[in-house]
Amino acid sequence: PSNPALSVTKTADKTGASVGETITYTVTVTNIGDVALTGVTVKDTMAGKVTFVGEDSFESFDLDVGETKSIEYTYVVTTNDAGKTITNDVSVTSDEVKTPVQDRVTVTIKALEGMRIITVNRVHNGNTIVSIPVTVPDGEAYTVTDADAPAAFDNGGNHYIRIDATLPTVPAGDEDVSVDVRYALD
């Protein structure tokens, strides 16, 4: 009997990165079985956030016995990634290999130097409805804006109206802080 099988490895060109840097990921799929594979499909948790290199894509493909295909793509680190770890999972199947074969790579993103995160919580009756992270330079005061806490917003089928007449100002400092803006249900 034939023995269809495949392997996948996922690599990143760095283990740590800073905001604005580009991470290059490579997914390598190899037919390690003894029969040609058709409809090889790559699913990736970064799909939709990456730029493919050259003609590469996540379109399905075929692999002869012993054949390898590499897919390369890049991701530019955003301020939302600062201080976090980007975990990137890939899984591969084919018409002959139904159980996904998986791999994972992580890249640790440095916190922003000289920056802090102000979390603006839109609060109703003591419960946070939405949290908006805002990155601001250390040492600067920050006044919450209408973009962070609009006069009204919709969430989960509810319409909320801001009841705090003035938006709060976070004093100068270098610590990450949270600030609450109160809302009532309309």
Side-chain angles (χ1 to χ4, degrees), residues 7-29 41-54 56-59 70-93 100-124 126-150 153-156 158 160 162 164 167-183:
S7 70
V8 62
T9 56
K10 174 150 207 172
T11 58
D13 67 340
K14 49 183 64 90
T15 57
S18 299
V19 171
E21 285 187 356
T22 299
I23 303 167
T24 300
Y25 292 101
T26 306
V27 173
T28 304
V29 183
T41 304
V42 176
K43 288 195 167 71
D44 192 289
T45 55
M46 298 287 282
K49 302 179 190 173
V50 299
T51 303
F52 290 100
V53 175
D56 289 354
S57 74
F58 287 141
E59 288 179 26
S70 291
I71 303 168
E72 191 173 85
Y73 49 90
T74 59
Y75 174 74
V76 178
V77 179
T78 69
T79 52
N80 288 341
D81 300 319
K84 299 178 185 164
T85 297
I86 298 176
T87 300
N88 190 199
D89 292 313
V90 64
S91 67
V92 182
T93 57
V101 179
Q102 300 172 310
D103 199 17
R104 162 181 284 185
V105 66
T106 58
V107 178
T108 303
I109 309 304
K110 294 184 191 88
L112 288 171
E113 284 298 312
M115 302 294 278
R116 64 181 178 147
I117 297 173
I118 310 291
T119 304
V120 179
N121 297 313
R122 301 179 193 173
V123 175
H124 173 252
N127 295 316
T128 298
I129 309 301
V130 179
S131 292
I132 308 294
V134 183
T135 304
V136 299
D138 282 349
E140 286 185 15
Y142 180 76
T143 300
V144 174
T145 67
D146 282 330
D148 310 328
F153 74 98
D154 294 305
N155 185 280
N158 294 318
Y160 295 93
R162 191 173 69 214
D164 285 336
L167 290 171
T169 295
V170 177
D174 58 11
E175 297 293 311
D176 291 350
V177 294
S178 290
V179 58
D180 291 346
V181 178
R182 295 176 304 149
Y183 284 82

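What you see is a predicted model; the values in this text were computed from it and never measured. Note: hydrogens, waters and symmetry copies are ignored here, and every other heavy atom, side chains too, is used.
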(request) Decide side chain to side chain contact (heavy atoms under 4.5 Å, CB included) for Tyr160 and Asp154; before the verdict, give the C-alpha distance in whole Å, the side-chain angles of both, and the deciding distance to 0.1 Å. (result) CA-CA 6 Å; Tyr160 295 93; Asp154 294 305; over 6 Å; no
(message) For a quick check under 3.5 Å, do Asp164 and Tyr183 share a side-chain donor-acceptor pair by atom type?
(response) no
(message) Are the side chains of Val90 and Val42 in contact, using a 4.5 Å heavy-atom criterion?
(response) yes
(message) To the closest 0.5 Å, what do you measure between OG1 (Thr45) and CG (Asn88)?
(response) 4.0 Å
(message) Side chains of Asp146 and Arg162, heavy atoms from C-beta outward: is any pair under 4.5 Å?
(response) yes
(request) With rounding to the nearest 0.5 Å, note down the distance linking OG in Ser131 to CG in Asp180. (result) 8.5 Å
(message) Walk me through whether Thr145 and Leu167 qualify under side chain to side chain contact (heavy atoms under 4.5 Å, CB included).
(response) CA-CA 7 Å; Thr145 67; Leu167 290 171; 5.6 Å; no
(message) Within the 4.5 Å heavy-atom criterion, are His124 and Asn158 side-chain neighbours or not?
(response) no
(message) Looking at every non-hydrogen atom in both residues, tell me the closest pair between Gly173 and Arg116 and how far apart they are.
(response) O-NE, 3.3 Å
(request) Would you please test Tyr73 and Asp44 for side chain to side chain contact (heavy atoms under 4.5 Å, CB included) and show each step? (result) CA-CA 11 Å; Tyr73 49 90; Asp44 192 289; 2.4 Å; yes
(request) State whether the number of non-hydrogen atoms from other residues, nucleotides or ligands found under 6.0 Å of Lys14 atom NZ is greater than 12. (result) yes
(message) If I compare all heavy atoms of Pro100 with all of Ser91, which pair ends up nearest, and what's the gap?
(response) CB-CB, 3.9 Å
(message) Contact between Ile118 and Val179 at the side-chain level, heavy atoms closer than 4.5 Å - yes or no?
(response) yes
Return all side-chain donor-acceptor pairs below 3.5 angstrom for residues 16-28, not counting sequence neighbours, or 'none' if the list is empty.
from, atom 1, to, atom 2, distance (Å)
Ser18, OG, Lys110, NZ, 3.4
Glu21, OE1, Ser18, N, 3.2
Thr28, OG1, Ser70, OG, 3.3

(request) List the steps and the verdict of side chain to side chain contact (heavy atoms under 4.5 Å, CB included) for Val134 and Tyr142. (result) CA-CA 10 Å; Val134 183; Tyr142 180 76; 3.5 Å; yes
(request) Could you check if a side-chain atom of Ile86 sits within less than 4.5 angstrom of a side-chain atom of Met46, using non-hydrogen atoms only? (result) yes
(request) With the side chain counted from C-beta on, respond yes when Val181 and Val120 share a heavy-atom pair under 4.5 Å apart, and no when they do not. (result) yes
(message) To the nearest 0.5 Å, what is the distance between CD on Glu72 and OG1 on Thr11?
(response) 8.5 Å
(message) With a 4.5 Å cut-off on side-chain heavy atoms, are Thr74 and Val53 touching?
(response) yes
(message) On a heavy-atom basis, which atom in Ile117 and which in Pro133 lie closest, and how many Å separate them?
(response) CG2-CB, 4.0 Å
Show which side-chain atoms of residues 101-109 pair as donor or acceptor with protein atoms under 3.5 Å away, not counting sequence neighbours.
from, atom 1, to, atom 2, distance (Å)
Asp103, OD2, Lys10, N, 2.7
Arg104, NE, Asp89, OD1, 2.6
Arg104, NH2, Asp89, OD1, 3.3
Arg104, NH2, Asp89, OD2, 3.1

(request) Answer yes if the side chains of Tyr75 and Asp81 hold a donor-acceptor pair under 3.5 Å, and no otherwise. (result) yes
(request) Please name the pair of heavy atoms, one in Phe153 and one in Val130, separated by the smallest distance, quoted to 0.1 Å. (result) CE1-CG2, 3.8 Å
